[in-house]
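These numbers were taken from a predicted model, which means no experiment stands behind them.
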Amino acid sequence: MAEQKRDYYEVLGVEKGADEAAIKKAYRALAKKYHPDMNPGDAEAEKKFKEASEAYAILSDPEKRRQYDQFGHAAFESGGGGGGGFGGFDFNSADFGDIFGDIFGDLFGGGRRSGRSGGGPMKGANLRTSVRIKFEEAVFGVEKEIELTLKDECPACHGSGAKPGTSAETCSKCGGKGQVVFTQQSFFGTVRNVQTCPECGGSGKVIKDKCADCHGSGYIANRKKIQITIPAGIDNGQSVRIRDKGEPGTNGGPRGDLLVEVIVQRHPVFQRQDYNIYSTVPVSFPVAALGGEIVIDTVDGRVIYEVKAGTQTDTRVRLKGKGVPSLRNKDVRGDHYVTLVVQVPDKLSHEAKELLRKFDEVTGDSLSAAKKAESGKSGGSETKDKKKKGFWK
């Protein structure tokens with residue numbers, strides 16, 4: 001009994017109304033995952049690859065997809081519509097060739113370029129560096145100067161890389177296209193692949209006589225100082241982008257960008273979470289009990305805060321608008337949350353100790369309770385007798 005086929009839409013993992021781009025994207029992911037060249041000797045992977053390829057061959061063809069939507073698998077069980085299975089599909093078709101070209105390009109380091117000739121203008125690569133700033137500088141913003149090596153156009157050859165008086169020649173290997181096309185035999189047929197020309201590196205030009213100053217690169221490396229504006233509210237690990245300060249482009253393309261990662265130093269008092277600031281402030285026992293003023297350090301300076309009488313340790317208070325400014329709107333700021341910790345004195349004079357004992361007796365706290373418990377020991381047997389007689393239940 002033949003194995004029942006799964007629904008083609010289910011095989012590719014797409015909805016029945018999926019468009020052509022979604023179907024192609026889904027198949028490409030499955031083909032790359034289960035391709036036999038990536039899973040040598042894995043029969044299950046080969047089976048899934050064939051199943052996905054069969055589903056794609058049907059659903060990528062408008063007419064076959066219409067028949068499948070109307071009649072299901074029965075539309076291709078005879079008459080050559082699908083050749084009765086995987087063997088009837090053409091892997092040398094342009095569509096399959098493009099997909100396999102992408103896959104093999106990914107696997108073997110070459111790869112197709114998105115319709116653009118390798119000899120066309122290309123933007124230069126981005127450069128990365130870092131800068132270290134203080135906590136307060138991250139809160140309010142700061143101007144910093146960094147020094148790094150940048151490439152500039154060679155003044156001798158004006159960026160051509162060729163010896164003055166000469167010029168680059170068209171690459172004979174790729175004919176100036178910057179790319180070479182080759183084919184290779186796969187388990188499923190011939191695969192067409194496109195790679196950057198190894199002779200000219202994708203520029204389409206070959207320099208016979210190189211410039212002595214830049215050695216054919218077209219650029220000279222110079223040490224430069226760059227001013228960076230770090231915005232208020234930036235957090236640790238975020239980056240500032242400086243346009244056109246990266247690597248030079250090729251074939252007339254623009255320069256890349258410079259990405260500066262900001263490293264914020266830790267603060268001995270403040271901690272940050274999103275746009276809020278947190279800190280801990282000690283409060284003396286008398287102030288916590290009776291209430292009074294304390295001084296709190298904030299990023300804006302010291303502020304006076306009125307502590308309420310009877311404040312307990314670990315009470316958290318909020319100083320509204322004393323946090324970090326928003327990156328999008330510096331006028332909008334987070335809050336500063338302060339945890340009040342009641343301090344217990346560890347060194348007391350004899351007079352202070354006597355006063356505390358008297359205070360304890362007046363309030364009926366621990367010392368008084370201890371004395372009562374001590375005095376109650378003598379009446380312990382009487383208490384037991386009362387319990388036995390049923391005075392307490």
Chemist: Mind running salt bridge (Lys or Arg N to Asp or Glu O under 4.0 Å) on Arg333 and Asp300 for me, showing each step along the way?
Modeler: CA-CA 12 Å; Arg333 295 179 60 174; Asp300 295 313; 3.1 Å; yes

Chemist: Tell me if the aromatic rings of His73 and Tyr8 count as close, with their centers under 6.0 Å from one another.
Modeler: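 Centroid distance His73-Tyr8: below 6.0 Å, so yes.
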
Chemist: Using side-chain heavy atoms (C-beta onward) and a distance below 4.5 Å, is Lys173 in contact with Pro198?
Modeler: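 The answer is yes; the side chains approach within 4.5 Å.
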
Chemist: Does some side-chain heavy atom of Val287 sit less than 4.5 Å from a side-chain heavy atom of Phe285?
Modeler: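 Phe285 vs Val287: side chains apart.
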
Chemist: Crowded around Arg6 CZ? As in, over 12 foreign heavy atoms under 6.0 Å?
Modeler: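 Check passes, neighbour count above 12.
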
Chemist: May I ask you to test the Val131-Ile263 pair for a side-chain heavy-atom distance under 4.5 Å?
Modeler: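 A side-chain contact is absent here, since even the closest heavy-atom pair is not under 4.5 Å.
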
Chemist: With no hydrogens and no angle check, just 3.5 Å: does a side-chain donor-acceptor pair link His267 and Glu136?
Modeler: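 Looking only at side-chain atoms, Glu136 and His267 do form a donor-acceptor pair, the distance falling under 3.5 Å.
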
Chemist: Using 30° and 60° as the class boundaries, would you call the ring planes of Phe270 and Phe135 parallel, tilted or perpendicular?
Modeler: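 Aromatic pair Phe270/Phe135 classed tilted.
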
Chemist: Going from CD1 on Ile234 to OG on Ser239, what distance comes out if it is rounded to the nearest 0.5 angstrom?
Modeler: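 Going from the CD1 atom of Ile234 to the OG atom of Ser239 covers 7.5 Å.
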
Chemist: Can Val262 be reached from Tyr275 by stepping across I, L, V, M, F, W or Y side chains whose heavy atoms are under 4.5 Å apart?
Modeler: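 The answer is yes; both residues are in one hydrophobic cluster.
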
Chemist: In the single-linkage hydrophobic clustering (I, L, V, M, F, W, Y; side-chain heavy atoms under 4.5 Å), do Tyr305 and Val342 co-cluster?
Modeler: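 No.
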
Chemist: Give every residue pair that meets the side-chain hydrogen bond (donor to acceptor under 3.5 Å, both in side chains) criterion with at least one member in residues 309-327, sequence neighbours excluded.
Modeler: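 Qualifying pairs: Arg318-Asp335.
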
Chemist: Checking ring pair (Phe, Tyr, Trp, His ring centres under 6.0 Å) for the pair Tyr27/Tyr56: CA distance, chi angles, key distance, verdict?
Modeler: CA-CA 6 Å; Tyr27 171 65; Tyr56 179 70; 4.5 Å; yes

Chemist: Using atom types as modelled, flag every donor-acceptor pair under 3.5 Å from a side chain in residues 215-225 to any protein atom, sequence neighbours excluded.
Modeler:
unit_1 : atom_1 : unit_2 : atom_2 : d
Ser217 : OG     : Cys214 : O      : 2.9
Ser217 : OG     : Tyr219 : N      : 3.2
Ser217 : OG     : Tyr219 : O      : 3.1
Tyr219 : OH     : Gly249 : O      : 3.0
Asn222 : ND2    : Asp152 : OD2    : 3.1
Arg223 : NH1    : Thr149 : OG1    : 3.0
Arg223 : NH2    : Glu147 : O      : 3.3
Lys224 : NZ     : Asp152 : OD1    : 3.2
Lys224 : NZ     : Asp152 : OD2    : 2.9

Chemist: Could you tell me whether the side chain of Cys211 reaches within less than 4.5 Å of the side chain of Ser160, counting heavy atoms only?
Modeler: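 No, every pair of side-chain atoms sits at 4.5 Å or beyond.
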
Chemist: Any non-hydrogen side-chain atom of Val317 less than 4.5 Å from a side-chain atom of Leu340?
Modeler: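 Of all side-chain heavy-atom pairs linking Leu340 with Val317, at least one is under 4.5 Å.
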
Chemist: Any side-chain heavy atom of Val338 within less than 4.5 Å of one from Thr280?
Modeler: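 No, every pair of side-chain atoms sits at 4.5 Å or beyond.
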
Chemist: Only one of Asp297, Val295, Leu319, Ile294 clears side chain to side chain contact (heavy atoms under 4.5 Å, CB included) with Val303; which?
Modeler: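 For Val303, the side chain to side chain contact (heavy atoms under 4.5 Å, CB included) check succeeds only for Leu319.
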
Chemist: Determine yes or no for a side-chain-to-main-chain donor-acceptor pair under 3.5 angstrom, with Asn126 supplying the side chain and Gly256 the backbone.
Modeler: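 Between the backbone of Gly256 and the side chain of Asn126 there is no qualifying donor-acceptor contact (under 3.5 Å).
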
Chemist: Are a donor atom and an acceptor atom from the side chains of Gln343 and Ser284 found within less than 3.5 Å of each other?
Modeler: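 No, Ser284 and Gln343 have no side-chain donor paired with an acceptor closer than 3.5 Å.
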
